[in-house]
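Reading through the structure tokens given below for one structure.
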Amino acid sequence: MLAPLAATHLLADETDSEAATKRRAADKFKIYTPFARVSRAEVVPFVCDAYGRLGEHALMFVDSMAKRAVATGRARHTRPTSCDDCPSP
């Protein structure tokens with residue numbers, strides 16, 4: 001997780017954390033790709049900022065897992081059965 005208001009990120013883009021999440025994802029690729037190759041695995045940098053905004057690769061990963069869950073019949077509705085504060089579907 002990164003803090004979008006940290007000085008290093010503000011210098012890059014003070015209005016949007018996207019640049020910071022992209023840099024962090026690139027850092028993770030650089031660090032973990034050699035280990036992934038040895039294990040014949042794929043690196044998926046799951047980066048989010050302090051406000052919960054997911055980076056591009058994290059969004060793609062979540063989307064692919066959701067599609068797989070639906071395709072295999074494992075998707076479940078997790079909305080509470082009653083919640084006054086929950087928006088209507």
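All residue numbers in this chain count up from 1 along the given sequence. Computed from heavy atoms alone, side chains included, the values below leave out hydrogens, waters and symmetry copies.
Checked against ring pair (Phe, Tyr, Trp, His ring centres under 6.0 Å), Y32 has no partners two or more places apart in sequence or in another chain.
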Can I get a per-line list of side-chain donor-acceptor pairs under 3.5 Å for residues 61-71, giving both atom names and the distance, sequence neighbours left out?
residue: D63; atom: OD2; partner: K67; partner atom: NZ; Å: 3.1
residue: S64; atom: OG; partner: M60; partner atom: O; Å: 3.4
residue: S64; atom: OG; partner: F61; partner atom: O; Å: 2.8

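Going from atom CG of D49 over to atom CD of E18 covers 11.0 Å, rounded to the nearest 0.5 Å.
F29 and P34 get closest at one heavy-atom pair: O-CD, 4.4 Å. Across V43 and A36, no two heavy atoms sit closer than the pair CG2-CB, 3.6 Å. Heavy atoms only, all atoms of each residue included: V44 and H57 are closest at CG1-O, 4.0 Å.
Side-chain contact between K28 and V47 is present, with at least one heavy-atom pair separated by less than 4.5 Å. R24 places a side-chain heavy atom less than 4.5 Å from the side chain of D27.
Sorted by first and then second residue, the side chain to side chain donor-acceptor pair (under 3.5 Å) pairs involving residues 34-47 (not counting sequence neighbours) form an empty list.
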